[in-house]
Chemist: 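Got a structure here, written out as structure tokens. Questions coming.
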Amino acid sequence: MKRTLENLLLGAVNALKLAGELPDDTDPAIAVERTRDSQHGDFATNLAMTLAKAARTAPRPLAEKLVACLGQHSAVDRVEIAGPGFINFYLSAESRFEVVQAIHAAGHQYGLSRHGNGRRVQVEFVSANPTGPLHVGHGRGAAYGAAVANLLQATGFEVQREYYVNDAGRQMDILATSVWLRYLEECGAPLVFPANGYRGDYVRAIAAELHQREGERFFKSPVTVWQDLPPDEPQGGDREQHIDALIERARTLLGDADYRIVFDAGLTRILADIRTDLSEFGVDYQNWYSERSLAEGGAVQRAIETLDKAGYLYTRDGALWFASSRLGDEKDRVVVRDNGQTTYFASDIAYHLDKLERGFDALINVWGADHHGYIPRVKAALTALGADPERLQVLLVQFAVLWRGSEKVQMSTRSGEFVTLRQLRNEIGRDAARFFYVLRKSDQHLDFDLELAASNSNENPVYYIQYAHARICSVFRQLDEKGWARDIPQGMQALSRLLDPRESALLTRLARYPEVVETSALNYEPHHLAHYLRELAHEFHTCYNAVSFLVDDAELRNARLNLIAAVRQVLANGLSLLDVSAPEAM
RNA sequence: GCGCUUGUAGCUCAGCCGGAUAGAGCAUCGGCCUUCUAAGCCGAGGGUCGCAGGUUCGAGUCCUGCCAAGCGCGCCA
């Protein structure tokens with residue numbers, strides 16, 4: 001409809017150019033918008049105001065000339081000029097009712113578009129280190145990333161959802177060592193657990209399983225393990241040095257092969273847990289990409305060589321540096337440390353090179369907002385690799401701040417004191433969690449009060465929307481009980497009887513849905529969809545309280561049933577994009 | 001100190017790449033169930049859009065400065 005009106009206006013502008021009322025070279029950016037207030041019609045444009053200067057006339061007379069040159073269109077009932085020079089379009093009653101028919105015809109496909117034209121987009125999200133269960137912070141990234149991916153898919157993009165598994169690096173070594181130490185305890189060895197180790201119960205569980213499966217073959221006496229190690233923090237030493245030394249000790253005592261078994265015992269079990277957790281949260285991936293496979297397949301080396309050939313690498317202080325500051329970064333970054341190890345950043349360069357080579361038209365990374373300083377160096381890397389950095393879009397998600405009433409919940413993965421995503425799901429349910437997470441703009445802090453969500457979950461807006469859906473289902477059950485058959489064609493014929501302002505409001509809202517899906521998708525802002533659904537539900541509840549659907553007048557009844565069936569369809573479609581269920585009864 | 005982000009109702013937040021009297025939820029107060037689910041509806045109060053300038057027909061929205069908050073400034077990941 002917007003497009004239709006814009007074309008009409010374009011015709012009027014061209015007519016005025018021919019008439020010499022407008023300079024030939026005016027290039028109008030025609031913007032037709034939905035009105036906020038129904039008193040201003042259905043659509044409005046500020047065209048006369050933006051062209052006033054070029055036409056050297058006041059906006060209102062220009063608007064009158066534009067309107068005079070406007071072609072006829074069956075969907076447009078009348079056109080008015082208002083305020084400082086707005087041109088307001090009032091749609092005909094017939095065109096207003098078309099949406100009910102359109103929704104009925106499209107069903108669950110209503111709201112989908114081909115805007116993306118099949119372009120391939122990769123959305124990488126969550127990608128939490130597999131060093132422990134997902135916590136509520138990851139939950140937000142999961143809900144947001146999944147919603148963005150769903151929206152893009154609904155807008156005609158070919159979407160691949162990917163999880164980057166950080167199964168290499170120091171954090172994983174700390175996990176492996178933690179597992180091994182707990183394993184030693186399982187074998188009966190008394191020991192002091194390092195301050196920097198992972199203390200969660202899940203580490204003990206993994207160790208116990210390892211002990212049960214493999215027996216005591218990884219046992220080494222505590223004396224040899226701790227011999228000549230630098231002291232831990234509680235003993236006045238440095239926790240980082242202590243844990244690094246412990247890792248080294250584990251490697252030497254166990255040997256590469258056995259160390260790998262212990263390492264993988266932790267990795268496999270935690271990764272499997274994350275996978276199940278996300279799946280139960282309604283989040284499924286097309287691809288799980290291993291960081292370790294990058295290094296082992298030589299991709300990191302290859303990426304470094306590519307940068308080198310492009311002339312962006314140099315040596316300083318024994319390390320190999322990437323001259324990212326030449327490409328907009330604050331400073332240069334190390335890719336190979338003086339001890340010969342490649343950095344996490346080097347892996348990331350290789351990873352992004354690999355993504356580019358896999359041929360995606362656009363790459364989307366969902367990151368925690370605390371990583372925002374990392375964006376310039378990755379973009380610099382893309383440029384150095386010969387790619388357009390604009391192909392990568394980094395979407396930031398602020399961490400959720402958890403509260404229990406007025407008490408802020410402290411979280412730390414290592415101490416094991418954190419609220420897991422699983423606990424959250426158990427407390428408030430998947431639907432409420434998914435919806436709550438995307439209700440706010442993603443780069444804003446989210447205050448998540450567990451007490452409120454758990455004790456008084458009725459207040460959660462998701463139930464409000466689901467209730468609207470269930471209520472409509474209930475009306476149709478009542479219809480059956482009364483022994484009335486729904487006559488869809490009769491209802492379609494009688495749509496013109498939907499004249500109550502509350503019915504009109506619903507019709508307008510329904511017609512907006514495809515636009516909401518599209519803007520939500522293209523701006524990566526699922527909260528627009530969440531708000532839209534709440535408004536639609538509200539307008540339905542209002543209508544429900546004011547208008548009886550199951551009236552004796554069959555024509556009117558069927559018209560209203562067609563309307564609320566359309567509402568039900570759009571509620572279901574929208575909720576499904578957020579992976580929230582649409583219950584038939586509550 | 002530098003960089004990024006954010007300041008809108010008592011609280012939590014929307015405000016669609018400049019438009020018409022600034023919106024919602026919660027909270028507060030007052031109404032509505034013999035009729036399709038009251039997890040609902042209707043109404044009321046509540047605002048110097050952080051502050052000060054600027055850009056123009058027009059600014060919560062764009063620009064500059066200041067104030068405040070969060071995050072980031074590793075040969076960590």
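Side chains are part of it too, since the values below use all heavy atoms of this structure and drop only hydrogens, waters and symmetry mates. Only a predicted model underlies this, so the values are computations on that prediction, with no experimental measurement involved. In what follows, every chain begins at residue 1, and chains take the letters A, B, ... in the order their sequences are listed.
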Chemist: Where each pair must be Watson-Crick or G-U wobble with both distances under 3.5 Å, what dot-bracket representation of RNA chain B is obtained, with crossing pairs in [ ] and other-strand partners as |?
Modeler: (((((((..((((.....[...)))).(((((.......))))).....(((((..]....))))))))))))....
Chemist: Mind checking side-chain hydrogen bond (donor to acceptor under 3.5 Å, both in side chains) for A:S520 and listing every partner two or more places apart, or none if nothing turns up?
Modeler: none
Chemist: With A:E80, which residues qualify under side-chain contact (heavy atoms from CB on, under 4.5 Å), at least two apart?
Modeler: A:R78, A:Y90
Chemist: Name all residues meeting the side-chain contact (heavy atoms from CB on, under 4.5 Å) criterion together with A:N523; count only those two or more places apart in sequence or in a different chain, and write none if there are none.
Modeler: A:T519, A:E525
Chemist: Between the protein and nucleotides 54-57 of chain B, are there any N/O to N/O pairs under 3.5 Å, and if so, what are the atom names and distances?
Modeler:
| unit_1 | atom_1 | unit_2 | atom_2 | d |
| --- | --- | --- | --- | --- |
| B:C57 | OP1 | A:K53 | NZ | 3.3 |

Chemist: OP1, OP2 of B:G15 versus side-chain N and O of A:H528: anything below 4.0 Å?
Modeler: yes
Chemist: With sequence neighbours excluded, what pairs up with A:A521 under the side-chain contact (heavy atoms from CB on, under 4.5 Å) test?
Modeler: A:L151, A:L152, A:T155
Chemist: For B:U5, take OP1 and OP2 only and decide whether either is under 4.0 Å from a side-chain N or O of A:K441.
Modeler: no
Chemist: Going by the rule salt bridge (Lys or Arg N to Asp or Glu O under 4.0 Å), which residues pair with A:E162 if we only count those two or more places apart in sequence or in a different chain?
Modeler: A:R358
Chemist: Under the side-chain hydrogen bond (donor to acceptor under 3.5 Å, both in side chains) test, which residues partner A:E535, sequence neighbours left out?
Modeler: A:R509
Chemist: Pairing donors with acceptors under 3.5 angstrom, does anything connect the side chains of A:N365 and A:Q393?
Modeler: no
Chemist: I need the residues from residues 549-565 of chain A with at least one non-hydrogen atom less than 4.0 Å from RNA chain B; give them sorted by number, or say none.
Modeler: A:F549, A:L550
Chemist: Would you indicate, yes or no, if B:G40 has its OP1 or OP2 atom less than 4.0 angstrom from a side-chain nitrogen or oxygen of A:T542?
Modeler: no
Chemist: Output every pair passing salt bridge (charged side-chain N to carboxylate O under 4.0 Å, His left out) with a member in residues 332-344 of chain A, not counting sequence neighbours, ordered by first then second residue.
Modeler: A:D329-A:R333
Chemist: I'd like to check the side-chain contact (heavy atoms from CB on, under 4.5 Å) partners of A:Q569; sequence neighbours left out, ordered by chain and number.
Modeler: A:I103, A:H108, A:N573
Chemist: Check ring-ring contact (aromatic ring centres under 6.0 Å, His included) between A:F345 and all other residues, then give those that pass, not counting sequence neighbours.
Modeler: A:Y374
